[in-house]
2 protein chains.
Amino acid sequence: MSTRIEQLCQDKGLKMTEQRRIIARVLSEATDHPDVEQVFRRAATLDPRISIATVYRTIRLFEEANIVEKHDFGDGRSRYEESGGRSHHHHLINLRTGEVIEFENDELELLKRKIAAQLGFELAGERLELYGVPLAEAAKKKDNGS
Amino acid sequence: MSTRIEQLCQDKGLKMTEQRRIIARVLSEATDHPDVEQVFRRAATLDPRISIATVYRTIRLFEEANIVEKHDFGDGRSRYEESGGRSHHHHLINLRTGEVIEFENDELELLKRKIAAQLGFELAGERLELYGVPLAEAAKKKDNGS
DNA sequence: GTATGTGCAAATGATTTGCGTGCTT
DNA sequence: AAGCACGCAAATCATTTGCACATAC
């Protein structure tokens, strides 16, 4: 009983192998949004007897089990993060630096559902990223609400 | 001077070849969100002396010139549509059927900008798709606003 | 013990690119 | 005429998969 992910795996009756444990740990500890290659490298550091194929397979497994979320930030590869690691949020990508900023917004959550409902759907998933340029490289002292 | 796209190409000083004209036309006339393969097939119908490599090159060219927008609806390939063809809109994908429904929502537009501004950014781009399941296969008679 | 997972390397699928030739300006 | 564009086929890149072996339950 270490990672929340390990728990979920057992709950779902998945075999808990050493490599899955490692990958679960890497994903749990990540504060960024690593791609498969990065997960692989971090995992290989903890245990070299791991192959990138397994990382792909495991991440896909976790994804299908809703244990991790897949993101696409525009570069070629897919990025991942533990679902529910923090509360529901979205990402804003700084186009100058590539930095990924997380945000959450209740109004937005309501609005998305409302829009889906108006179209006759129940919201089952979404993809939402904002891309922005700094308002003024120096004018960022307004986080308090100005 | 036929398509708006052709205009833009000339304005940008791009050579206007027959294949570019064809591809421009296909994209202009599309009411769906074709992938490269589909654009290729439609273009090849109009003029068989066109290769998929050219379609890739041309679509990428158009994309970089902000003439078309790229979308990713979850299946492997990228989908395209003419920018500004209609007003600014987003997409809701019906998870049951794969159908793509376009919608626009002013409240959402304002909210996105507001969120970006609060984080210290000017909104420069975004990616937003909703995925939904029909509320009830039959309860879709509510398009009028109920 | 048996089903399932893993490593490796080859396969795949979308997209890109080098090269020699053709067409637009 | 000169440069950019095209077609073709080979190359890339991320991701998937077949197969023989290893491991969790």
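Just so it is clear: chains get the letters A, B, ... in the order the sequence lines come, proteins before strands, and each one is counted from 1.
- A distance of 11.0 Å separates CD in A:Glu126 from CG in B:Leu92, rounded to the nearest 0.5 Å.
- Between the CD1 atom of B:Ile22 and the C1' atom of C:dC23 there is a distance of 15 Å, given to the nearest Å.
- Electrostatic pairing of A:Glu29 and A:Arg42 does not count as a salt bridge here, judged by no charged N lying under 4.0 Å from a carboxylate O.
- Between A:Gln19 atom CD and A:Asp47 atom CG the span is 7.0 Å, to the nearest 0.5 Å.
- Phosphate contact (OP1/OP2 of D:dT15, side-chain N/O of A:Ser78, threshold under 4.0 Å): present.
- We find that CE of A:Met16 is positioned 13 Å from C1' of D:dC25, with the value rounded to whole Å.
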Short heteroatom pairs, N/O only, protein and nucleotides 16-20 of chain C, under 3.5 Å:
| unit_1 | atom_1 | unit_2 | atom_2 | d |
| --- | --- | --- | --- | --- |
| C:dT16 | OP1 | B:Arg60 | NH2 | 2.8 |
| C:dG18 | O6 | B:Arg57 | NH1 | 3.4 |

Kindly determine whether B:Asp75 and B:Arg77 satisfy salt bridge (charged side-chain N to carboxylate O under 4.0 Å, His left out), including the steps that lead there. CA-CA 6 Å; B:Asp75 45 8; B:Arg77 57 241 115 139; 3.7 Å; yes
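- No donor-acceptor distance shorter than 3.5 angstrom exists from the side chain of B:Arg20 to the backbone of B:Thr58, with no hydrogens or angles considered.
- In terms of heavy-atom proximity, A:Leu130 sits nearest to B:Lys112 at CD1-O, 3.9 Å.
- For the pair B:Leu14 CG and D:dA5 P, the computed distance is 7 Å after rounding to whole Å.
- For the 3.5 Å distance criterion, the side chains of B:His88 and B:Glu109 qualify, holding a donor opposite an acceptor.
- Contact check, A:Gln19 against D:dT23: no side-chain N or O comes under 4.0 Å of OP1 or OP2.
- Atom CG in B:Asp72 sits about 10 Å away from atom P in C:dT15, given to the nearest Å.
- The nearest whole Å value for the distance from the CZ atom in B:Phe62 to the P atom in C:dT15 is 17 Å.
- Results of the side chain to side chain donor-acceptor pair (under 3.5 Å) test with A:His33 over A:Lys70, A:Glu102, A:Gln38 single out A:Glu102 as the only residue that passes.
- Between the axis at the start and the axis at the end of the helix from C:dG1-D:dC25 to C:dT25-D:dA1 there is an angle of 40°, using five pairs per end and rounding to 10 degrees.
- We find that CG of A:Leu61 is positioned 17 Å from P of D:dT15, with the value rounded to whole Å.
- Between the side chain of B:Ser83 and the main chain of B:Asn66, a donor-acceptor pair closer than 3.5 Å is present.
- To the nearest angstrom, P of C:dG7 lies 11 Å from CZ of A:Arg20.
- A donor-acceptor pair is defined here as one N or O able to donate and one able to accept, closer than 3.5 Å; such a pair exists between the side chain of B:Arg21 and the backbone of B:Met16.
- Heavy atoms from other residues, nucleotides or ligands lying under 6.0 Å from CD of B:Glu18 number more than 12.
- DNA chain D is contacted by no residue of residues 34-47 of chain B, taking any non-hydrogen atom closer than 4.0 Å.
- For the pair B:Arg77 and B:Arg49, nearest-nucleotide mapping onto DNA chain C gives the more 5' position to B:Arg77.
- Residue side chain B:Lys15 reaches the base of D:dC4 through a donor-acceptor N/O pair under 3.5 Å, judged by distance alone.
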